[in-house]
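Heavy-atom basis, side chains included; hydrogens, waters and symmetry copies ignored. Nothing fancy with the numbering, it's 1 onward along the sequence. Each ligand, and each atom within it, is numbered from 1 in the order the structure gives.
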Amino acid sequence: MELPAPLRQGVDSLLEKVPLPALKQAARTLSERYRAELRDGRLHMGEEMAVKAYLATRLPATYAAVRASLEALADARPDFQPKTLLDIGAGPGTMLWATTDAWPELEKAVLVEASAAVRKVGQSLAAGTIAARTEWVAGDATIDLDGLKAADLVSIAYVLDEVAPASLPKLVDRLWQLTADTLLVVEPGTPAGWQRILAARQQLIEAGAHLLAPCPHAAPCPLAPPDWCHFSRRVARSRLHRL
Ligand SMILES: C[S@@+](CC[C@H](N)C(=O)[O-])C[C@H]1O[C@@H](n2cnc3c(N)ncnc32)[C@H](O)[C@@H]1O
């Protein structure tokens, strides 16, 4: 899976003049924070260099995972044509790009993102290329979702692992209230990510949701730890990414 060409070009040009040693150091720090699922009150991507490290080392994989999830959704619901997207923890616009790729008729996207440094990069990548009207909203998704309107597709990808576990049920509840049609939750393919998906799944079933994918049933998951469930995708890596 490759990034859409305009996104790849935008990323390349943002990374063009960045000194490699600084980028490598930022990528190491980012990777350690993600691996440890560190929640120390700081955003992993509070600084511009951390955002650049994300573009170089993580965006290709999160894009591939998100795009594959949308494909699974389109397979399960061939009639689904979202006109509006609400993406929580939007990062550099990963879901925006993937949704536009899957449904070019998308009309409006609202992107909630806590980090100003990330919003700036996301806005500059999308400017002039994404046809849908986009609105970037600053805020903490665990407390600031009140003024938002419901959307056809509501999504949250690679974010639950950054939220305090005690805040998750309320967040999932709020996301479901904002969902006019379909809610997509994507988490890292790790045992902990799988557990968060299972917890959100159970909560949504109890709230009356109908499950589409990956398992279109509402029975308890038959897997028990140490078994766990995840999906993999091949990702094309740029020269910079390999470095
Ligand atoms: C790992 S990135 C994922 C970005 C994008 N969704 C993707 O799949 O590439 C997580 C993003 O969520 C944002 N975030 C984390 N906690 C948040 C919160 N409580 N409210 C809003 N944004 C949050 C972070 O700043 C970061 O940009």
Heavy atom of the protein closest to atom 21 (C) of ligand 1 (residue, atom name, distance): G139 O, 3.3 Å

- request: Without swapping roles, check the side chain of R58 against the backbone of A53 for a donor-acceptor pair under 3.5 Å.
  value: no

query: W103 vs F80 aromatic rings, parallel, tilted or perpendicular, using cut-offs 30° and 60°?
result: perpendicular

Nearest-neighbour protein heavy atom for atom 23 (C) of ligand 1, which is reported as residue plus atom name and distance: A114 CB, 3.9 Å

- prompt: Can you list the ligand 1 atoms lying under 4.0 Å from a non-hydrogen atom of Y34?
  reply: 1 (C), 2 (S)

Candidate with minimal heavy-atom separation from atom 9 (O) of ligand 1, of T94, L59, V186: T94

query: Which is it for A65 and ligand 1 at heavy atoms under 4.0 Å: side chain, backbone, both or neither?
result: neither

- prompt: Quick one: do E32 and R28 make a salt bridge, cutoff under 4.0 Å?
  reply: no

task: Could you tell me which atoms of ligand 1, counted from 1 in the order shown, lie closer than 4.0 angstrom to a heavy atom of M45?
output: 2 (S), 26 (C), 27 (O)

field: Nearest non-hydrogen protein atom, atom 25 (O) of ligand 1
entry: E113 OE2, 2.6 Å

query: Tell me, which protein residue and heavy-atom name are nearest atom 20 (N) of ligand 1, and how many Å apart are they?
result: A141 N, 2.7 Å

query: With backbone taken as N, CA, C and O and side chain as the heavy atoms from C-beta onward, which portion of Y63 lies under 4.0 Å from ligand 1: side chain, backbone, both, or neither?
result: neither

message: Test your reading of the model: is there a side-chain donor-acceptor pair from R242 to the backbone of R237, 3.5 Å cut-off?
response: yes

Options R33, M95, E162, H44, ranked by nearest heavy atom to atom 10 (C) of ligand 1, top entry: E162

message: Under the side-chain contact (heavy atoms from CB on, under 4.5 Å) test against L175, which residue among V185, L204, L145 passes?
response: L145

Within one Ile-Leu-Val-Met-Phe-Trp-Tyr cluster: L23 and L3, side-chain cutoff 4.5 Å: yes

- request: Indicate yes or no: does an N/O atom of A157 lie under 3.5 Å from an N/O atom of ligand 1?
  value: yes

message: I'd like to know if R133 pairs up with E135 as an ion pair, taking the criterion as any Lys NZ or Arg NE/NH1/NH2 lying under 4.0 Å from an Asp or Glu carboxylate oxygen.
response: no

Residues R233 and E71 bridged, charged N to O under 4.0 Å: no

query: Is it the case that S13 and Q9 place a side-chain donor and acceptor less than 3.5 Å from each other?
result: no

query: Does an N or O from Y158, backbone or side chain, lie closer than 3.5 Å to an N or O of ligand 1?
result: no

- line: the protein heavy atom lying closest to atom 19 (N) of ligand 1 turns out to be D140 OD1, 2.8 Å

field: Cluster overlap L86 with L153, hydrophobic side-chain contacts below 4.5 Å
entry: no

message: Considering non-hydrogen atoms of the protein only, which is the closest contact for atom 3 (C) of ligand 1, and what is the distance?
response: Y54 OH, 3.3 Å

statement: Taking only non-hydrogen atoms of G91 and a 4.0 Å limit, the atoms of ligand 1 in range are 4 (C), 27 (O)

message: Could you work out, for atom 5 (C) of ligand 1, the closest of A61, G89, A116 by heavy-atom distance?
response: G89

